[in-house]
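Heavy-atom basis, side chains included; hydrogens, waters and symmetry copies ignored. Bear in mind the structure is a predicted one, so any value in this text is a computation, not a measurement.
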Amino acid sequence: MSDSFEKMNRDVLSILAKYPMQALPESEIDALLEKYSEEELIPSVSYLRDQGMISSDALNYNIEGTQIDFDSLKLTANGYNFATGNALGREINTVTIRLDTNTIQHLEDIINATNLNKKDKQTLRTKLKEKGAEHFLTKCIDFALTNSKTAGIILLEYLKNSN
């Protein structure tokens, strides 16, 4: 995508974000059409619609060609969340991973299988019980992401040797 197309997309989203789930007032439509022609806006509206950012009926197709239906040009909930960085939207789209008691036992087994000395293994098991599996796994993921090359090599070796 060209920079001007991306800028136009951002302009459209930014204007629509001022009027969540509502049609634009005439003054905003006029301002938008002063900046961009309808012919310039149609690809942007089509793209944003296809991305689920604006309502699906924002474009009309008829014998005269494609036209923007400004009464239907509204942000979807996802479009609003994207345009505004809405925290509720991020929270709604958060994935929760549930851990069962077997996970803690499995982590203890992994700790016991390491080549660490007994004192270090005991420290890890104690921290696991104190902080919980979620905290422990979060730290493991943080480590893996900050040491992605090393973690990738270890994961590849594990996958080669498993099964």
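Interatomic distance, Leu32 CG to Ser27 OG, rounded to the nearest 0.5 Å: 11.0 Å. Between the CD1 atom in Ile29 and the CD atom in Glu26 there is a gap of 4.5 Å [rounded to 0.5 Å]. Atom OH of residue Tyr80 and atom NZ of residue Lys74 lie 16.0 Å apart, to the nearest 0.5 angstrom. Distance check: Leu107 CG to Leu128 CG gives 5.5 Å after rounding to the nearest 0.5 Å. Considering OG1 of Thr126 and NZ of Lys131, their distance stands at 12.5 Å, rounded to 0.5 Å. In this structure, Gln122 CD and Asn117 CG are separated by 11.0 Å, a value rounded to the nearest 0.5 Å.
A distance-only check finds no donor-acceptor pair linking the side chain of Thr76 to the backbone of Ser55 [under 3.5 Å]. Ser46 places no side-chain N or O within donor-acceptor distance of the main-chain N or O of Ile42, the cut-off being under 3.5 Å.
Leu41 has its side chain within reach of Leu33: a pair of non-hydrogen atoms, C-beta onward, lies under 4.5 Å apart. When side chains are defined from C-beta on, Gln51 does not count as touching Asn78, because their heavy atoms never get closer than 4.5 Å. Side-chain contact between Asp57 and Asp69: absent, with no pair of heavy atoms (C-beta onward) separated by less than 4.5 Å.
Smallest separation of non-hydrogen atoms from Arg49 and Ser56: CD-O, 3.3 Å. Residues Ile68 and Leu59 come closest through the heavy atom pair CG1-CD2, 3.8 Å. Leu116 and Asp120 get closest at one heavy-atom pair: CB-CB, 4.1 Å.
A donor-acceptor contact under 3.5 angstrom links the side chains of Gln105 and Asp109, judged on distance only.
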What pairs of donor and acceptor atoms, side-chain ones from residues 11-21 against any protein atom, are under 3.5 angstrom apart with sequence neighbours left out?
{"residue": "Asp11", "atom": "OD2", "partner": "Lys7", "partner atom": "NZ", "Å": "3.2"}
{"residue": "Asp11", "atom": "OD2", "partner": "Lys35", "partner atom": "NZ", "Å": "3.1"}
{"residue": "Asp11", "atom": "OD2", "partner": "Tyr36", "partner atom": "OH", "Å": "2.4"}
{"residue": "Lys18", "atom": "NZ", "partner": "Glu28", "partner atom": "OE2", "Å": "3.4"}
{"residue": "Tyr19", "atom": "OH", "partner": "Glu28", "partner atom": "OE2", "Å": "2.9"}

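A side-chain contact (heavy atoms from CB on, under 4.5 Å) with Leu24 holds for exactly one of Leu73, Asp71, Asp30; it is Leu73.
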